[in-house]
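Worksheet for the structure shown next.
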Amino acid sequence: MRPRYLLLVFLLFFNIIRVANAQDVDLSTFNVANNLNQNGNHAEAAKLYQELIADGFEDAEVFYNLGLAHHQLGEWGGAVLNYERTLDLIPRDADARHNLRTVLDEVDEIGGETPFLDGLANLKGRLRTSELAIFALILWFLWAIFLVAFWRGNPKRRPPFLIAIGLTTLLLLGILSIMGANRRLEMQAPQAVVSQAETAFLATPDRTASADLVLPAGQRVRVLSERGEWREVRLWESGVVGWVSADTITPLDVSNAAP
Amino acid sequence: MRRSLTNHYSLTTNHFLVLFFSLLIIHYSFSSASAQSIVTADVDRNTLTTDDTLRLTVSVNGQPEGPPVLPPLDSFEVLGTSSSNQVTIVNGSISSNAVYFYNLRPTEVGDILIEPILAVVDGETYSTDPITVTVEQGVLPVAPSRGEIVPPTDLTGQDIYVEAEVDKPNPWQGEQVTYTARLFLGTDVRMRGETTYSAPEFVGFWKVDNEDTVSYLVNLEGRDYGVGEKRQPIFPTVAGTRKIKPASMLLANGQTYLTDEVTVNVRSLPSPSPEGFKGAVGRYRISAELVPNTPTITTGDALTWKIALGGAGNIETIPDPVWPDLENARWSETSATVTTEFQDGVVFGSRQYELLVIPTKPGQLTIPALEYIYFDPETGQYETESSDPFTIEVVGDVIDFGTEEAAEPVDESSSLRPLKSAPSRLKQKGTPLVNNPVFWMLWLVPLMIVGLAGVAHRMDSRMKIPKPKVEFMADRGLSPEQRVSRYLSDNFDIPESGMTQSQRASGLREEGVSEETIEAVKGFFDSAEMTRYAPVNDANNLNKQAKAVIDLLKKEL
């Protein structure tokens, strides 16, 4: 009875947080942009979606429709960027996943062998980081309940609790590792997308250096470090590291993106 | 006879008087009629809307001395005039006829009186009858009158002056605003060549491609200026304060002049909006027509459902009507055309849709009314327009078209997934859950639960009276058999009494006790049974045996 009650209180608490974060807004701009998009005015529609984002609305629908507008304009960089932003918010969005696959077929992205940390982070699959965190917290509660039951219960009933404690410990450690990998990547190597076609990928941050590779618009990268107007990047899910000009990439995090 | 003559005379006089007055009346009537027929006025309709144009025709029989004199037409805007002259020669007699046409657009609603129109022919002034027309409100808002040119306050005799303004500084989101940029150039300034106008970007506005360019002369404070005016209709797409950056004009003298920045405070549409409102702002009408317009049709025959959505507003961006699901029929959209015009400061146009409807089952086919919800910026209200519904009797056999998917296979690999419609609310960026300190504080709760359990355990241990150990029970008068039975009951849920050897053994087996221990327990109870009739020495042995069995059971735990 007690664990069930605690879970109820816990879920209610998070629901309150979510409701407090969401704000009702006028959707007219979104509708106008959608109408423009439907009528083939993708460029104007994209402007409106961008204005909404600039006004602080970081909504999966806005990102998705902006990505679609870029997609239909043949702007692969903007399309990949905004589909990725959509999937960052709703990893299970089948439409965004489908369209991203479609645009990546056009981009011809350069990749390599997936590093361990990226592979671990990818185990998150189609769960949001917040969902993973809630799952970990629930497991943590269960672990504590099993421990108390093991300790205080009938000695003859201890073996099942011991197994349950072992399993929850393993699951908890696994989830925390995945969360940690994602967090580390977010903090130390945030994702960005190449926004300009034929971006020079250099071995050194020097305009006179010859380009090792030419990156296509829409190429996904991770930003490792900054040096003035240069960004050290690692190509998507590969260990290939080089330098690009800062104005050729757009970070996935809107707050870090140039207006 | 005389009498009769006198009478006859008398009658003749009376007749003469009657004839005289009759002739007089006829003369005046004829004169009046001929005067009226010299100048006549007519309109092409007596009932119209503010969207329509009234054609006023003034005909003058004879050679007028100048055009007719129109009365003040305050309730109309004169859109244009034209005239024609006709000279006819019949049997050497020459007659002429002049006709004047006036295209008028009503600017007011209600009954409007057009006062008599005067014309001078051969020195005589003739007038027409007054005409009354009834004007109803149309769909389009009344075009703003250009009116008097208000001189800019900053224009104080400069040779060149530029300015920009909007007609509505506080429009609704989606309402038409006309941005006007003007160049005032003194007529006495010598400048040859073209002026290059660069419009601002209109960030936050939807710009209609149609723009209006007019030029005219004005006299401001005694100086003549040639004015070039660019009028650009724009529609604010985002609520809030928006600044339109300056327009620039590069003149033939090589100098660039910038207008001032224009600020527009765009109002959000009233909330909540009605269900079904998709963002259309303006004033619209929707009508539907079914071709052929027949009461009966056979299954499989096609009907064309023509829908016209028109009015004033940003016709290019308004949403399509929501097409209904038709029972007993299939439909597909065959064409949709959009036309937009910018005239007299108003953007208007229409969308024409054609839907092919094919009845598939006999019975009554109902094509419902289409509802279109829009926000009218003039009234500040949400309005709903509806088209006419249609009901047709369908005869014939059922036609099976199969499933839609089978009819139109979709190439999933190449097609893009569609736009997402508006969610119930747009979310602003919030704090991620993992960055929320409250979330991490919750992680302490399980630790607290474990801690409290530990405290409770310790308190229980302190308060609990230790159970007497089995070994000491012999001193309390329990037999060895009873001691082992009690031990089994306390630790293995085996009842102390009423158990056969085999039941006890299977109970221990269920508890996971080894066969060796079970055999030992069994042996002990067999010995106990035999010892009941044995001497005291054997009873002492049984005590030792009981201790050994209990030790074995302890190991099993």
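First the proteins, then the strands, lettered A, B, ... as listed; each starts at 1.
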### Query
Under a 4.5 Å heavy-atom cut-off, does chain A meet the side chain of B:V450, its backbone, both or neither?
both
### Enclosure of B:R509 CZ (heavy-atom neighbours >12, cutoff 6.0 Å)
yes
### Task
Measure the spacing between CG of B:L433 and CD1 of A:I134 and express it to the nearest 0.5 Å.
5.0 Å
### Query
Out of curiosity, B:L442 CG to A:I138 CD1, how far, rounded to the nearest 0.5 Å?
11.0 Å
### Message
Show the nearest heavy-atom pair for residues A:L137 and B:F439, with the distance to one decimal.
### Response
CD2-CE1, 3.8 Å
### Message
Taking atom CD as the centre, does B:E201 end up with more than 12 heavy-atom neighbours from other residues, nucleotides or ligands that are less than 6.0 angstrom away?
### Response
no
### Query
So which part of B:A280 gets closer than 4.5 Å to some heavy atom of chain A, the side chain, the backbone, both or neither?
neither
### Message
So which atom in B:P423 and which in A:F30 form the shortest heavy-atom distance, rounded to 0.1 Å?
### Response
CD-CE2, 4.0 Å
### Message
For the NZ atom on B:K245, are there more than 12 heavy atoms of other groups (residues, nucleotides or ligands in this structure) within a distance under 6.0 Å?
### Response
no
## Note on the structure
Here the gap from B:K420 atom NZ to A:N37 atom CG, rounded to the nearest 0.5 Å, amounts to 13.0 Å
#### Entry: Heavy-atom pairs under 4.5 Å with chain B, option from A:V32, A:N65, A:D55 with the top count
A:N65
### Task
Side chain from CB out, backbone as N, CA, C, O: work out which of these in A:R183 comes under 4.5 Å of a heavy atom of chain B, or both, or neither.
side chain
### Task
Locate the shortest heavy-atom distance separating A:M179 from B:V434; write the atom from each residue and the value.
CE-CG1, 3.9 Å
### Query
Among A:A33, A:S130, A:G56, which residue forms the greatest number of heavy-atom pairs with chain B at distances under 4.5 Å?
A:G56
#### Entry: Contact origin within A:D93 toward chain B - heavy atom pairs under 4.5 Å
side chain
### Message
Below 4.5 Å, heavy-atom pairs only: which of B:G279, B:G454, B:P236 has the largest tally toward chain A?
### Response
B:G454
#### Entry: Under 4.5 Å from any heavy atom of chain A - which part of B:T317
both
### Task
Using non-hydrogen atoms and a 4.5 Å limit, figure out which bit of B:I318 sits close to chain A: side chain, backbone, both or neither.
backbone
### Task
Say whether, by atom type as modelled, one donor and one acceptor occur between the side chain of A:N99 and the main chain of B:R417 under 3.5 angstrom.
yes
### Query
Nearest heavy-atom pair of B:S421 and A:N34: which atoms, and what distance?
CA-ND2, 3.9 Å
### Summary
Okay, A:A94 and chain B: the region with an atom under 4.5 Å from a heavy atom over there is both
### Query
So which of B:P418, B:P272, B:G240 has the biggest tally of heavy-atom pairs under 4.5 Å with chain A?
B:P418
### Task
Calculate, to the nearest 0.5 Å, the distance between atoms NZ and CH2 belonging to A:K47 and B:W206 respectively.
9.0 Å
#### Entry: Side-chain heavy-atom pair A:Y64, B:L419 within 4.5 angstrom cut-off
no
### Gap separating the CG atom of A:N35 from the CG atom of B:N314, nearest 0.5 angstrom
9.5 Å
#### Entry: Atom OH of B:Y382 with >12 non-hydrogen neighbours under 6.0 angstrom
yes
### Contact class of A:N41 relative to chain B, heavy atoms under 4.5 angstrom
side chain
### Task
Any chance you could measure A:W140, atom CH2, to B:I449, atom CD1, to the nearest 0.5 Å?
10.0 Å
### Task
With a 4.5 angstrom heavy-atom cut-off, could you sort out which part of A:A136 is near chain B: side chain, backbone, both or neither?
both
#### Entry: Interface moiety of A:E51 toward chain B, non-hydrogen atoms closer than 4.5 Å
side chain
### Summary
One option among B:A422, B:G512, B:A453 has the most heavy-atom pairs under 4.5 Å with chain A, and it is B:A422
